[in-house]
Amino acid sequence: MPTQFSSMAMTDASTTPRTDPRPEIRHDFKSAEPRWQAEWEKRACFAVPDVPESGRPKYYVLEMFPYPSGKIHMGHVRNYTLGDVVSRYKRARGHQVMHPMGWDAFGLPAENAARERGIHPGKWTYDNIANMRAELKRMGLGLDWSREFATCDVEYYGQQQKLFLDFFKAGLVERKESWVNWDPVDGTVLANEQVIDGRGWRSGALVEKKQLSQWFFSITRYAPELLEALGTLDRWPDRVKTMQANWIGRSEGARVRFRMAEAPPAAPQEVEVFTTRPDTLFGMSFLAVAAEHPLAAAAAARDPKAAEFVAECRRMGTSEAAIEQAEKRGYDTGFRVAHPFIEGASYPVWIANFVLMEYGTGAIFGCPGHDERDFEFASKYGLEIIPVVLPPGADPASFTLGDAPYTDDGTAFNSGFLDGLNVAAAKRAAIEKLEATGQGTGVVNWRLRDWGVSRQRYWGCPIPIIHCEACGVVPVPAAQLPVELPQDVDFSRPGNPLDHHPSWKHVDCPSCGKPARRETDTFDTFVDSSWYFARFCSPRAAEPVTRAAVDGWLPVDQYIGGIEHAILHLLYSRFFTRGMRETGHLSVSEPFAGLFTQGMVTHESYKSADGRWLYPEEVEFSADANGGRIATLKGGNEPVVIGRVEAMSKSKRNTVDPGAIIERYGADTARWFILSDNPPERDMEWTEAGVAGAYRFSQRLYRLVATALPGLPPAGTSAESAMGEARKLRQATHRTIAAVTEALETFAFNVAVARIHEFANTIAEAGDTGAAKREALEAITRLASPMMPHLAEELWSLLRPGEGALVAELPWLDADPALLKAETVTLAVQVLGKLRGTIEVAVDADEATIFALAEAEENVARSLAGRSIRKRIHVPGRVVNFVV
RNA sequence: GCCCGCCUGGCGGAACGGUAGACGCAGCGGACUUAAAAUCCGCAGUCCAAAAGGGCGUGGGGGUUCGAGUCCCCCGGCGGGCACCA
């Protein structure tokens, strides 16, 4: 083969011209990208059957589906690029990859558009979808579009209604009272985000809590399983599992019944408390109940001031953040409870704004000595603080608490029969005694609450229930499904349009035939997104899912989305999967075997001198005397203040339109930049300079191939016998294959990009190395292909003209282990952990040789002079360290 | 407030507990050009030094280790979630 000779002939690489002789060679992405997109579609490269074929492993890649807000944003570009890289890589690795797309299409913004602009929510939503679908297609994503659906398609939500009825029959659905944010002026239930500083966002009225009868999924029944199964999710980020575990919130403690010592006959004569610290019962100084507690109601009934306090608590909103951040306040009801252990002792009962009705029993006993919140509360209201846990080594006779409670382990004292026990033993002893005297029991308590799914809104999936005076709650019979949303709805009135629709809710009871009323609440949109991943497996089926399809494709092998969904969406999906398992729809328990959570896309923000937010395209930049950046308004000299780098948001106008970027630079460039900037789990900053750099690289890669092309040997020429410079290039090629593969496997896409950059530099510096060069160029094309798929097809068509194969159809490259081995290795030589030099040794050199070489190294020797070596450390392939 | 993260040059970042700053962006110098753009070559953490070399350096403080960006503790700043935004 002539390869070795040609490489020998060109040993002096520096003589090869480095300037590009044909600078006009450019990649025309505008024509190439649509052309390759059409080719992929024509060959159905990304379509898979509902039931995976046997013989090849399946791989299900899914990104969290978008809400159709109208335009895609950079967060979508990042999300779908990440998924696309994974899907293309796994396909090359021989998997049959399902990679679908759909729309999370129900929700509030469509109703807001209807109220504000008079557009029907359905039209608004489907118009948005059409627009966003076109934008996504321009990104060149390898998606199976034949599976697309929107959750607002009646074909989807009708199936969801079937699932609900199955869950209902299986006893996974309950009707319960719960509290909502009520806007008394608009007569509307408000979402938490619609409550701003305690007021309705539209009316400005003070929001009140109101109790409504609502539908709930019994997610708490699965609390133990949802917690334990986290241990099986070995491809989920630990932090997400930790957050879920904390959310589920298993805690061991006791329920303690307190007898009322002083209370009017009309009030409950007993109050039950949940505590995780029954060992501190002797340090009790008060009992506190939530404002919604029956005892609070009893107090309010006879004491106007108590009633006023309860009313105030009702104006606090329903969000936990609002409640916990509010100043801790309370009201003494005048009632008293007896102590379970101390004969004759009694304590005041307070109503407190920090006690949550939803957690435990809605009542606590206060032990200020050993609990932060109780301490704060007792200090504020002058309640007694009795220490009952002694820190290790403290003297019981002289111990005092100072200005903070003591919450760590210690020894019980001032505690009667518990004295001398540590916290854990005292807990056990206290529970034993409570159980023996019939005043309480040891229990496991969960923080997780049942999932309330009723929403008083139009643009959601109708809950398929009929309310009958005679028969009560009657599920809609399967034959009458789907319960379709009416099209003719009136948004000019506040409240739920379904409820004041003239005819929709009036139906005959399916059971007794008498006039009855439809449920006018619709589902929480989290229900829609709790099973869409299963529907994708058989999106046109006449039942919610088909067994063969879900059994074949589930679980999702790689799920990708924002960290903001770490708890609710993922937990609800995990519950729903179990519900579907219980009702015979599928057989897996966990929907997502692998999870990756991406960071946000951020951008600098800009403000004009008069404080207006400005879009990036309204601003231009120049350099000041010190090389810093100065911003001014485009087309003028008006100064612009460069603000913080923040998450892109419409309100701050720091958004960049992906459509404009793709138009200007092409999809490959947008994808390449978004992957190259930083690790995908971190927030990334979108910068104009960064995109421009990515664009330059795409052109450089094109030139690299295009200019080398005339000098390359024919396709298929073996590079096996390469020597000298050609062999070096081959080693670089195979090291890059190994490094990029490793980076893609670990989601280190920015590292993959860096390795491809390095490799491009190496190829550019290499001389005429014949078949080795062809191998290198073909390799870089294929290694870059998951990230820049259009350019890769273009380059491949240049390198292999007439073959007609697509990179999208080619297998992944394997590195040749023989070319990965190095002959020598560079070792760092340290003296006392400080680097003093490096030595180059053969990989198989023995330790004595290595130490001798290291000691002889000039700078090391100088450092060692006059000192005696006490210890020699050698970490093979890494470092030598001399301790003196 | 509670839970969970993150913090490395001017910037984004790289680095199985083992040569900190790979790679890129911005910058500077040079080549090419009538000129600019594009492209190509080179420099670059910081301080001291002519250089050789040395000191300092991964938000701050402490610890473990022959050796810490990496492990542990405390503190600070920034971000995500908190059950009706999606």
Side-chain angles (χ1 to χ4, degrees), chain A residues 17-20 23-24 26 64 66-67 69 104 107-109 180-181 189-195 237-240 242-243 245-247 249 318-326 328 354 358 372-373 448-457 524-526 529 562-569 571-572 597 599-600 623 627-629 644 646-647 673 676-679 681-685 687 689-690 692-694 696-697 699-700 703 748 750-751 753-758 761 764 826-830 832-838 859 862 870-873 875 877-883:
Chain A
R18 297 207 172 179
T19 34
D20 186 345
E24 75 281 7
R26 292 187 83 72
M64 291 179 184
Y67 179 80
S69 57
D104 188 14
L108 274 180
V180 295
N181 297 309
V189 177
L190 297 177
N192 281 334
E193 73 157 9
Q194 297 174 319
V195 179
D238 286 338
R239 61 177 164 147
V240 174
T242 308
M243 281 190 264
N246 290 339
W247 186 262
T318 58
S319 88
E320 195 178 308
I323 292 165
E324 294 222 11
Q325 269 166 278
K328 309 222 175 333
F354 63 89
E358 292 82 10
E372 301 277 358
R373 267 193 318 202
L448 183 68
R449 306 200 297 261
D450 277 334
W451 174 16
V453 292
S454 296
R455 299 292 182 268
Q456 295 69 42
R457 308 193 199 293
D524 176 6
T525 55
F526 272 125
S529 56
I563 185 68
E564 68 274 17
H565 294 293
I567 297 175
L568 293 179
H569 162 59
L571 194 61
Y572 292 152
T597 53
M600 293 182 304
R629 283 189 316 148
R644 298 201 314 172
E646 296 190 69
F673 172 55
S676 68
D677 190 58
N678 68 351
E681 67 274 16
R682 285 203 216 166
D683 290 352
M684 78 162 288
E685 187 187 350
T687 59
R696 279 202 300 274
F697 182 74
Q699 292 296 350
R700 182 164 178 234
R703 268 197 317 276
N750 58 323
V751 180
V753 165
R755 295 292 161 258
I756 289 171
H757 266 283
E758 272 176 337
N761 291 339
T826 307
L827 294 182
V829 184
Q830 303 175 335
L832 280 176
K834 274 194 183 291
L835 181 76
R836 294 300 166 191
T838 59
N859 208 39
R862 187 166 33 223
R870 290 211 309 236
K871 194 171 170 189
R872 293 174 171 83
I873 293 155
V875 181
R878 295 279 174 185
V879 77
V880 171
N881 190 12
F882 295 115
V883 184

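Reckoned from all heavy atoms, side chains included, excluding hydrogens, waters and symmetry mates. By convention in this document, chain letters (A, B, ...) are assigned in the order of the sequence lines, proteins followed by strands, and residues within each chain are numbered from 1.
Across all strands, A/Pro237 comes closer than 4.0 Å to no nucleic acid atom at all (heavy-atom distances). No engagement by A/Trp451 is indicated, since no non-hydrogen atom pair under 4.0 Å with the nucleic acid exists. Residue A/Arg700 is in sugar-phosphate contact alone, with no base atom involved, counting any heavy-atom pair closer than 4.0 Å across all strands shown. Counting any heavy atom pair closer than 4.0 Å across all strands shown, A/Val753 reaches no nucleic acid atom. Here A/Gln194 lies out of heavy-atom contact (under 4.0 Å) with every strand. As judged by a 4.0 angstrom heavy-atom cut-off over every strand, A/Arg682 is placed among residues touching the sugar-phosphate backbone only. Using a 4.0 Å heavy-atom distance criterion, A/Arg449 is classed as a base contact. Across all strands shown, A/Phe526 has heavy atoms under 4.0 Å from base atoms, whether or not it also approaches the sugar-phosphate. Residue A/Gln325 is classed as a base contact, given a heavy-atom separation below 4.0 Å to a base. In this structure, A/Leu448 reaches the bases: a heavy-atom distance under 4.0 Å links it to at least one base atom across the strands shown. As judged by a 4.0 angstrom heavy-atom cut-off over every strand, A/Val189 is placed among the base-contacting residues. Using a 4.0 Å heavy-atom cutoff across all strands shown, A/Ser529 reaches no nucleic acid atom at all. Using a 4.0 Å heavy-atom distance criterion, A/Ala566 is classed as making no nucleic acid contact. Using a 4.0 Å heavy-atom criterion, one finds that A/Lys834 contacts the sugar-phosphate atoms exclusively.
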Take nucleotides 47-54 of chain B nucleotide by nucleotide from the 5' end and write B, S or -, depending on whether a protein heavy atom sits under 4.0 Å from the base, only from the sugar-phosphate, or from neither. ------SS
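Nearest nucleotide to the side chain of A/Glu324, out of B/rG1, B/rG79, B/rC82: B/rG1. Taking the side chain of A/Thr242 as heavy atoms from C-beta on, and the options B/rA86, B/rC4, B/rC84, the nearest nucleotide is B/rC4. You'll find that the side chain of A/Arg457 is closest to B/rC84, out of B/rC84, B/rA86, B/rA26. Nearest nucleotide to the side chain of A/Ala754, out of B/rC16, B/rC84, B/rC23: B/rC23.
Counting only distance, with no hydrogens or angles, the side chain of A/Glu324 and the backbone of A/Ala321 share no donor-acceptor pair below 3.5 Å. No side-chain donor-acceptor contact under 3.5 Å links A/Asp104 to the backbone of A/Ser529. Proximity of a side-chain donor or acceptor of A/Asp683 to a complementary backbone N or O of A/Met600 within less than 3.5 Å is detected. Side chain of A/Asp677 to backbone of A/Gly690: no donor-acceptor contact under 3.5 angstrom is found.
For B/rG24, the OP1/OP2 oxygens have a side-chain nitrogen or oxygen of A/Asn761 closer than 4.0 Å. A close approach under 4.0 Å does occur between a side-chain nitrogen or oxygen of A/Arg696 and OP1 or OP2 of B/rC25. An OP1 or OP2 oxygen of B/rG24 is reached within less than 4.0 angstrom by no side-chain nitrogen or oxygen of A/Asn750. For the pair A/Arg455 and B/rC84, the criterion of a side-chain N or O lying under 4.0 Å from OP1 or OP2 is met. Applying the 4.0 Å criterion to OP1 and OP2 of B/rC4, one finds that A/Asn246 has a side-chain N or O inside that range. Contact annotation: A/Thr525 side-chain N/O to B/rA86 OP1/OP2 distance is under 4.0 Å.
For A/Asn750 and A/Arg682, the side-chain atoms include no donor-acceptor pair closer than 3.5 Å.
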Under 3.5 Å between N/O atoms: give me all the protein pairs with nucleotides 66-69 of chain B, atom names plus distance.
from   : atom 1 : to       : atom 2 : distance (Å)
B/rC66 : O2'    : A/Asn881 : ND2    : 3.4
B/rC66 : O2     : A/Asn881 : ND2    : 2.5

Protein-nucleic acid N or O pairs under 3.5 Å, nucleotides 73-78 of chain B:
none

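The CD1-P distance, from A/Ile323 to B/rG81, rounds to 18 Å in whole Å.
In terms of position on RNA chain B, the residue among A/Met243 and A/Ser319 whose nearest nucleotide sits closer to the 5' end is A/Met243. Across the interface with RNA chain B, nearest-nucleotide mapping of A/His565 and A/Glu685 shows A/Glu685 to be the residue nearer the 5′ end.
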Give the dot-bracket line for RNA chain B from 5' end to 3' end: parentheses for intra-strand Watson-Crick or G-U pairs under 3.5 Å, square brackets for crossings, | for inter-strand pairing, dots for unpaired. (((((((..(((.....[....))).(((((.......))))).((((....))))..(((((..]....))))))))))))....
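With sequence neighbours excluded, the residues that form a ring pair (Phe, Tyr, Trp, His ring centres under 6.0 Å) with A/Phe697 are A/Trp672, A/His757. Listed by chain and residue number, A/His569 satisfy the ring pair (Phe, Tyr, Trp, His ring centres under 6.0 Å) test with A/His565 (two or more places apart in sequence, or in another chain).
Shown here, B/rG60 is classed anti by the O4'-C1'-N9-C4 or O4'-C1'-N1-C2 angle, which is more than 90° from 0.
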